[in-house]
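Naming convention: chains lettered A, B, ... in sequence-line order (proteins, then strands); numbering from 1 in each chain.
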Protein chains: 2
Amino acid sequence: MIPEPTGSPRSEPFAKIDPKFQMTVRDHVHRSLRAAILAGRFATGEKVNERSLAEQFGVSTTPIKEALRQLETEGLVEALPRRGVIIRFDMGWAEEMILARAALESMIAHLAAKRIGKPAGAELTAIADLMAKATTSADADSLISLNEQFHEHIHRSSRCSYLAKLIERQQFYDASIRRVIHMDPAERQKALEEHTAIAKAIVTGDADLAERQMRNHVVRSGETYLNIVFGSKKDIGRE
Amino acid sequence: MIPEPTGSPRSEPFAKIDPKFQMTVRDHVHRSLRAAILAGRFATGEKVNERSLAEQFGVSTTPIKEALRQLETEGLVEALPRRGVIIRFDMGWAEEMILARAALESMIAHLAAKRIGKPAGAELTAIADLMAKATTSADADSLISLNEQFHEHIHRSSRCSYLAKLIERQQFYDASIRRVIHMDPAERQKALEEHTAIAKAIVTGDADLAERQMRNHVVRSGETYLNIVFGSKKDIGRE
DNA sequence: GTACAGCATCTGATATACCAGATTTCAGAT
DNA sequence: ATCTGAAATCTGGTATATCAGATGCTGTAC
């Protein structure tokens, strides 16, 4: 901190660092395991051994246990008391995670349409406009970043922090896969149309329309993801 | 186990006990804390101390930490690294939990309507019929039990185990509160009508109708719960 | 009276020890 | 050869110890 000569407090000297950014071993383990599971680097039903994981990470079993507890609550592993934890993730699980995200995102879009104000609405439209520009010109990275901003803005507009947190936990395709997805011009175009329509519905306060369009968007882009990662054409939630 | 004279294996001698039923200290702590939080026995923002909890439960801090990790992932507490965990639950949080459950249950009802077969459909109708009888005659306990059966049957019919698991985590009014809710004849009648309508929509395969009705049912009964627990009239998701 | 450095204390994060339930192995009986 | 059950082993659950960051307190300087 730079010393302040006068006693008068400056309004916003430096942003306080968010304690959440601090990295602990258990978070590192949690993220690593989570990413590994979602990337399919474990077989469904495979047993994981705490001591062996601890050795691989070079830490004790304590943070491993805590990370496994988090994964258990997330539904990515199953704990059989006194018997160990087994991996629970396959294509079916991924489909259902997408459906869950669709259900929650559409609910939050519904509420955002009801609750968004004039200024926030204008910001959302602005983000959508930037996305339109980035779709044809810019690189995938800025598109990914705008994508995040777009959804996060909707979350904030809904004023639902619990729902937003739940959705975050559902968010499981990582940046590298997103980049692959946004490589395809057809996909970029489709996503843009959907985003534009969602933004319009929310800004005009059409909650039911916003909800439907958000749901279709999440399900459709989820299908794209599944096709890339699991490599088989699939309609989510059919039959 | 009763000894078997012949070498021939009996088909289904006794059901294997589900390992999940085994109780560990961390599960006990998790459930107790969860119930205490949902019952409002902690203030929002209140700090909880691991050592003090360990002392109160008469156990070491290890299972406490694991239970707190689960609560953290559930969104009921927030962990600030190296600083401790604070309670995150109030009426607003409860509202959002109800909305989340509404979103997920309606999604699962939608899928159940698409996927339910003839026999399972008949069973669902049968459960609804039993509910009709129990509404006027029987005690609250059997109504509560039928209620559970009803929703669980829908979950199974949807063939979505991940979604069902997610919903279970959202399930937060316990048996005692349910009993209070089901005491009121008007509430019983309203719930019956909703259940009947949901069953009909699912059995006839009207997925969109089932979805809408499930959502209304969860939100409306959630409002009843909120009025009882937090004691103020409130429309969820309005403004 | 106020501000701040330095010290004492509290408390979460991690490592380690130990126990008991679960699993596997293997010798002896049939 | 197969079954059984006791012993060895593995592994998760819990308890305890240790470390370091966060917090609180106090006495001194101004």
Side-chain angles (χ1 to χ4, degrees), chain A residues 1-10 13 16-33 45-73 77-88, chain B residues 1-10 13 16-33 45-73 77-88:
Chain A
M1 175 76 82
I2 297 156
E4 189 63 22
T6 89
S8 67
R10 222 163 14 173
K16 204 178 297 181
I17 67 159
D18 189 334
K20 309 215 96 169
F21 288 164
Q22 252 183 278
M23 189 55 103
T24 115
V25 173
R26 75 152 177 273
D27 278 339
H28 173 75
V29 172
H30 175 220
R31 285 169 205 224
S32 305
L33 285 179
E46 182 177 347
K47 276 186 61 171
V48 300
N49 181 304
E50 292 183 359
R51 288 199 198 346
S52 133
L53 281 179
E55 198 178 347
Q56 290 179 58
F57 278 103
V59 300
S60 82
T61 62
T62 310
I64 303 285
K65 298 174 90 59
E66 294 187 54
L68 288 175
R69 230 73 291 134
Q70 300 188 239
L71 292 170
E72 181 192 357
T73 310
V77 306
E78 185 172 354
L80 307 174
R82 302 194 181 281
R83 225 170 295 190
V85 320
I86 57 181
I87 303 296
R88 272 277 166 275
Chain B
M1 174 78 84
I2 297 156
E4 188 63 20
T6 89
S8 67
R10 221 164 10 174
K16 203 178 300 182
I17 67 159
D18 188 335
K20 308 213 96 168
F21 289 163
Q22 253 182 276
M23 188 56 106
T24 78
V25 174
R26 75 153 176 271
D27 278 338
H28 173 74
V29 172
H30 175 221
R31 286 170 207 224
S32 305
L33 284 179
E46 183 176 346
K47 276 188 59 172
V48 299
N49 181 305
E50 292 183 359
R51 291 202 199 343
S52 132
L53 280 179
E55 197 179 347
Q56 290 179 57
F57 278 104
V59 300
S60 82
T61 61
T62 311
I64 303 285
K65 296 175 91 59
E66 294 188 49
L68 287 176
R69 230 70 293 128
Q70 301 188 239
L71 292 170
E72 181 192 358
T73 310
V77 307
E78 184 174 354
L80 307 175
R82 300 192 184 282
R83 227 173 292 190
V85 319
I86 58 181
I87 303 296
R88 270 279 166 273

Checklist entry - Over how many whole Å does the gap from B:Asp27 atom CG to D:dT14 atom P extend? => result 8 Å
Item to check | 4.5 Å side-chain heavy-atom contact, B:Ser32 and B:Phe57 | outcome: yes
Item to check | Listed once per pair and sorted, the salt bridge (Lys or Arg N to Asp or Glu O under 4.0 Å) pairs that draw on residues 56-70 of chain A, sequence neighbours left out | outcome: A:Arg26-A:Glu66, A:Glu50-A:Lys65, A:Glu66-B:Arg69, A:Arg69-A:Glu72, A:Arg69-B:Glu66
Item to check | A:Glu55 atom CD, over 12 foreign heavy atoms within 6.0 Å | outcome: no
Checklist entry - Taking for each residue the nucleotide of DNA chain C bearing the nearest heavy atom, is the 5' side occupied by A:Val59 or by B:Arg51? => result B:Arg51
Checklist entry - Rounded to the nearest 0.5 Å, how far apart are CD1 of A:Ile87 and CD of A:Glu78? => result 11.0 Å
Checklist entry - When all nucleic acid strands are considered with a 4.0 Å heavy-atom cut-off, which category describes A:Val48: base, sugar-phosphate, or nothing? => result sugar-phosphate
Item to check | Distance, rounded to the nearest Å, where B:His30 contributes NE2 and D:dG13 contributes P | outcome: 15 Å
Next on the checklist: Here's a test of your reading of the structure: between B:Pro63 and A:Gly84, which maps to the more 5' nucleotide of DNA chain D?
Outcome noted: A:Gly84
Item to check | B:Arg82 CZ - D:dC19 P separation (whole Å) | outcome: 15 Å
Checklist entry - Start at the 5' end of DNA chain C and walk down; is the nucleotide closest to A:Val25 or to A:Lys47 reached first? => result A:Val25
Item to check | Heavy-atom check, side chain of A:Val77 versus side chain of A:Leu33, under 4.5 Å | outcome: no
Checklist entry - Over how many whole Å does the gap from B:Glu66 atom CD to D:dT14 atom P extend? => result 7 Å
Item to check | Pairwise distance CD1(A:Ile64) to CG(A:Asn49) - rounded to 0.5 angstrom | outcome: 10.0 Å
Next on the checklist: Please report the distance, rounded to the nearest Å, between CZ in B:Phe57 and C1' in D:dA15.
Outcome noted: 17 Å
Item to check | Nearest heavy-atom neighbours spanning A:Val29 and A:Ala67 | outcome: CG1-CB, 3.6 Å
Checklist entry - How would you label the contact of B:Thr62 with the nucleic acid (heavy atoms, under 4.0 Å): base, sugar-phosphate, or nothing? => result base
Checklist entry - When you list every nucleotide of DNA chain C with an atom under 4.0 Å from a heavy atom of chain B, which one comes first 5' to 3', and which comes last? => result C:dT11 to C:dA22
Checklist entry - Does a distance-only test, which skips hydrogens and angles, find a donor-acceptor pair under 3.5 Å between the side chain of B:Arg83 and the base of D:dG21? => result no
Checklist entry - Tell me: CZ of A:Arg69 to C1' of D:dT14, nearest whole Å? => result 13 Å
Checklist outcome for this item: To the nearest angstrom, the CD-P distance between B:Glu50 and D:dT16 comes to 16 Å
Next on the checklist: Angle between the end axes of the helix from C:dG1-D:dC30 to C:dT30-D:dA1, five pairs per end, to the nearest 10 degrees?
Outcome noted: 0°
Next on the checklist: Between P on D:dT16 and CD1 on B:Ile64, what's the gap in Å once rounded to a whole number?
Outcome noted: 13 Å
